[in-house]
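Structure first, commentary second.
The figures that follow rest on heavy atoms only: side chains count, while hydrogens, waters and symmetry mates do not.
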Amino acid sequence: MKKLINDPKNVVTEAVGGFAIAHSDIVRAELDPVYVVRSDAPRAGKVGIVSGGGSGHEPLHAGFVGYGMLDAAVPGPVFTSPTPDPIVAATKAVDGGAGVLHIVKNYTGDVLNFETAADLAAADGIEVASVIVDDDVAVKDSLYTAGRRGVAGTVLVEKIAGAAAERGDDLAAVAAIATKVNSRVRTMGVALTACVVPHAGEPSFTLADDEIEIGIGIHGEPGRERIKLEPADSIVDRLLGAVLEDMPFAAGEEALLLVNGMGGTPQVELYIVYRRAAEVLAERGVTVTRSLVGNFTTSLEMQGVSISVLKLDDELTSLWDAPVHTAALRWGR
Amino acid sequence: MKKLINDPKNVVTEAVGGFAIAHSDIVRAELDPVYVVRSDAPRAGKVGIVSGGGSGHEPLHAGFVGYGMLDAAVPGPVFTSPTPDPIVAATKAVDGGAGVLHIVKNYTGDVLNFETAADLAAADGIEVASVIVDDDVAVKDSLYTAGRRGVAGTVLVEKIAGAAAERGDDLAAVAAIATKVNSRVRTMGVALTACVVPHAGEPSFTLADDEIEIGIGIHGEPGRERIKLEPADSIVDRLLGAVLEDMPFAAGEEALLLVNGMGGTPQVELYIVYRRAAEVLAERGVTVTRSLVGNFTTSLEMQGVSISVLKLDDELTSLWDAPVHTAALRWGR
Amino acid sequence: MGASLGADWARAWITASAEVLAENRVALITLDREIGDGDHGENMDRGFQAALGKLDELPDSATPGDVFKVVATTLISTVGGAAGPLYGTAFLKASLAVGAAERLDAPALVLALTAARDGVVLRGKAESGDKTMIDAWTPAVDAATAAAAAGASPYEVLQAAADAAERGAEATEPLVARKGRASYLGERAIGHRDPGAQSSALLLRAAEQVARAGAEA
Amino acid sequence: MGASLGADWARAWITASAEVLAENRVALITLDREIGDGDHGENMDRGFQAALGKLDELPDSATPGDVFKVVATTLISTVGGAAGPLYGTAFLKASLAVGAAERLDAPALVLALTAARDGVVLRGKAESGDKTMIDAWTPAVDAATAAAAAGASPYEVLQAAADAAERGAEATEPLVARKGRASYLGERAIGHRDPGAQSSALLLRAAEQVARAGAEA
Ligand SMILES: Nc1ncnc2c1ncn2[C@@H]1O[C@H](COP(=O)(O)OP(=O)(O)O)[C@@H](O)[C@H]1O
Ligand SMILES: Nc1ncnc2c1ncn2[C@@H]1O[C@H](COP(=O)(O)OP(=O)(O)O)[C@@H](O)[C@H]1O
Ligand SMILES: [Mg+2]
Ligand SMILES: [Mg+2]
Ligand SMILES: [Mg+2]
Ligand SMILES: [Mg+2]
């Protein structure tokens, strides 16, 4: 394992520390317990939005703390959900009296810890609503699984819910928008390589030189199916095919296309993937009116990509376009 | 070699094609010859700025085409400088009558091809000025080398020169600002892994599991010195030490700190590096007033980082803060 | 004094658990890497080291229930992941079940084990055969109940529980998972032991071993 | 007819060069990977394949100088990197040197080779011993000059040039580079052959071989 780290035990605190200095104009970090919060929090009368989960997915979530998006992010250890304490602390730090929304990716650990935190915060008189994100079509949603995972679609939920909160929507409305985005976004990913969790020191799985993992998660867990390497276009056809099968589009409907790198993928490859995805959507009569290409929900240094499609309407489009100022997403100011 | 590509011969055209669709709000791409240009080019009376070089360094340069930065970017084959033809075409496309600045990284191939292109453009009556970027302190600048390489500092030259052109400076003034930035920025990098050029199919060099390459370039060429892996902090001390030795700071002077990922480095590692770099600069009494952390000048999927320090003054700071709207760098609008 | 177990046993159990989890840290990471995300050993080790530290802060008058309670809150606030809230709830329910009792006889132990198992089910909604820690806990509870009914000593109750938990953990290997990360793998989870079931078996074995040591003393 | 070489030879030379560069594509990539950026073989192959295509567009009346000129512009617009402008300039200067001549005798060939070498120096500012293609070209020019002075035939002049270029390319191995990417490596360039010197030697060998074929014909 070769990494630019010091003691593996300090990876998260050192990274969060550096992040807070680099972006001191928009955030500050608390280190005990660890969370990142907007420097102007709490904002009186504004619904606070808190997300979090295991580290290793950067810029998710701390990179999305700032005007028009999250009020706080709670990074757990690498690939392990945070405990309730920092979630409660972050929730209190952003409560401006209008209540707090928890945006939680659907993993047992994240759900259970955010649940406990919500109970504790509620016990302290803070109104908390929770929205679970589960956009990963690689997992069959059935009684026989823990349900679909929350992956790259989370970024879209956070941006759009953040815009709603920023314009003054109340807690119920912000939660409703977040739920709406989650219900209209689907994602599927592929990995070319595994990643190494610092404290584990070994890859979470191994792929032969000609193998790729279809339906990869974002915690270094293996995917759904292992196949031989294919040209980028056929891989895109697989991923996007699964997405569109799960959420069909009528011709003329509008979409936001997110091509998300898993952390170690060169940008040229992301745009080669984007090119084919846009081509396929066009063939199906889907109008891509918004696009996002880059590393937004990653698995450390993993090489791979996920494709997310969000079915837009005028409300979602205008909330997407609303100004945002975070470390990883910024426009309009 | 595992990559999300189709035919290695089409990597650049497919990536540029995808890039142009994803960012059609700010750029358009020509594919014969290949270059990326602002959709609103040429802007009458504005100095045009063209940069370019081998592909594989994305977002450099196409990711920096847009308001307040570059007017056009000319991507050559992976790690190979473009030929004069597309450079000439791009130069003509952005000439608004006020002349065109070529920002060229200091590699024999880039310099020779841009030289030829400048001659040809001049022959067609376009006033062309050229600024060579050579910020890499890993290379001894002497009669015994081709001179220092242009690396991550190029981004800072392009941003600040772009702001000067946008505010209406004339060609001589824009060239002078670019030269000033280059004279005040120094960079040094390290690689943990090599990268694989698509048409080569094999890594450009190999590092053992416990080796790192200090003073790495951005074309997969080996660096200056191979050492055993060290904790991130000691690696930062090496890189930053070389930078500050080459460009000493007086206490109280202000700096922009750029921590640049080589493409495959997880973001947590970049911020761990940033944290130590900021710490060292603070110890030396240098005030870091601006920061940039992310993948800006990359070598495909290489894992590693470079540290750049730009000595700021009020003029450079205000030009840095000026609005910019490109695919990879955006603020103020 | 084999007829009941006191706070000394409870403290010794947590100490022994911290040791055995540290020894099995890599083994549990490896199991979790195969069908999860490779952190279970890290999480459990972190949590029980923290719990160990809290024990000293307890007054000498602390009851077994007090020990379980501080372990519960410490695990909840240090383990994270799925295991944190689940093990935390288990110890919390166990502490409520034994109340203020100074010493635990066989029936009390059975009550504690049952409450712990029920707590995990309450939070995690797993059923037997879902390839989770429940597949270690439920056989353990059943075996402990039977042993106690047959008049077994506390140590023998724990021995029955530990034996059953180990068999239960082993029995997760052929299963497809229906809860937790392993459920994402479908058929591919077959042939791998569930890490949480394994850590549960280790904890119960530690409980039995320190009880035996106490019994022999 | 061994006394002079015409456009047929020039065309055959470019054709043979395209073949030998295709065959040596990987070998040149490997050399460049060791002390450069691993693209020299790719660049040269791309350039000469393009030049090959342009030959057909030339009228039958084309002179050797016409052939050199179209090769020059094609290399400049297709090779890129350092080698593109350098080889392009070399062929451009050679075409100017031979002017409109229908056929090239030994002295004319020497003029062409000298002009080519001088063109590369003009653009690249390299000196002998800098570990560049110049270390193949300068010995080649010197050997060709001497041979011509001794009354050698065009074929013999090219043979002398090719032999000297190969020795020159080999002689770059112990050198530290002072130009091009290899110069970034300092001492670490020692022991590796310069890819551009190698491709130059391959080109001159091809020139000699097609001349011999012509002479024997
Ligand atoms: N719903 C559930 N009910 C009971 N046990 C569960 C459930 N989900 C997961 N587990 C247990 O948790 C273990 C994984 O714990 P751990 O790896 O620490 O958390 P995470 O899966 O969040 O990384 C699994 O091996 C399983 O035994
Ligand atoms: N200044 C120079 N003068 C002469 N030849 C040079 C010079 N710089 C580089 N070369 C030649 O160019 C070769 C490299 O060509 P190539 O790999 O195609 O270009 P690049 O170095 O841009 O990738 C070197 O091996 C060397 O022979
Ligand atoms: Mg986990
Ligand atoms: Mg090159
Ligand atoms: Mg786990
Ligand atoms: Mg090269």
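A/Asp209 CG: 12 or fewer foreign heavy atoms inside a 6.0 Å radius.
Checking A/Glu245, A/Glu213, A/Glu230 one by one against A/Arg238, the salt bridge (charged side-chain N to carboxylate O under 4.0 Å, His left out) holds for a single residue, A/Glu230. Applying side chain to side chain donor-acceptor pair (under 3.5 Å) to A/Thr187 and the options A/Asp135, A/Asn260, A/Asp134 leaves one that passes, A/Asp135.
Ring geometry, A/Phe79 versus A/His57: the interplanar angle falls under 30°, so the pair is classed parallel (tilted spans 30 to 60°).
Contact of C/Val79 with chain A is made through the backbone alone, with heavy-atom distances under 4.5 Å. With a threshold of 4.5 angstrom between heavy atoms, C/Arg123 approaches chain A through its backbone and through its side chain. For chain C, the nearby part of A/Asp85 is the side chain; its heavy atoms alone come within less than 4.5 Å. Only the backbone of C/Thr78 has a heavy atom closer than 4.5 Å to any heavy atom of chain A. When heavy atoms are compared at a cutoff of 4.5 Å, A/Glu225 approaches chain C solely by way of its backbone atoms N, CA, C and O. In this structure, chain C has a heavy atom under 4.5 Å from the side chain of A/Pro77, while its backbone stays farther away.
The candidate with the highest count of non-hydrogen atom pairs below 4.5 Å against chain A, out of C/Gly124, C/Ala83, C/Ser77, C/Gly186, is C/Ser77.
C/Asp37 contributes atom CG, which lies 10.0 Å from atom OG of A/Ser81 (distance to the nearest 0.5 angstrom).
The salt bridge (Lys or Arg N to Asp or Glu O under 4.0 Å) check on A/Glu14 picks up nothing, with sequence neighbours excluded.
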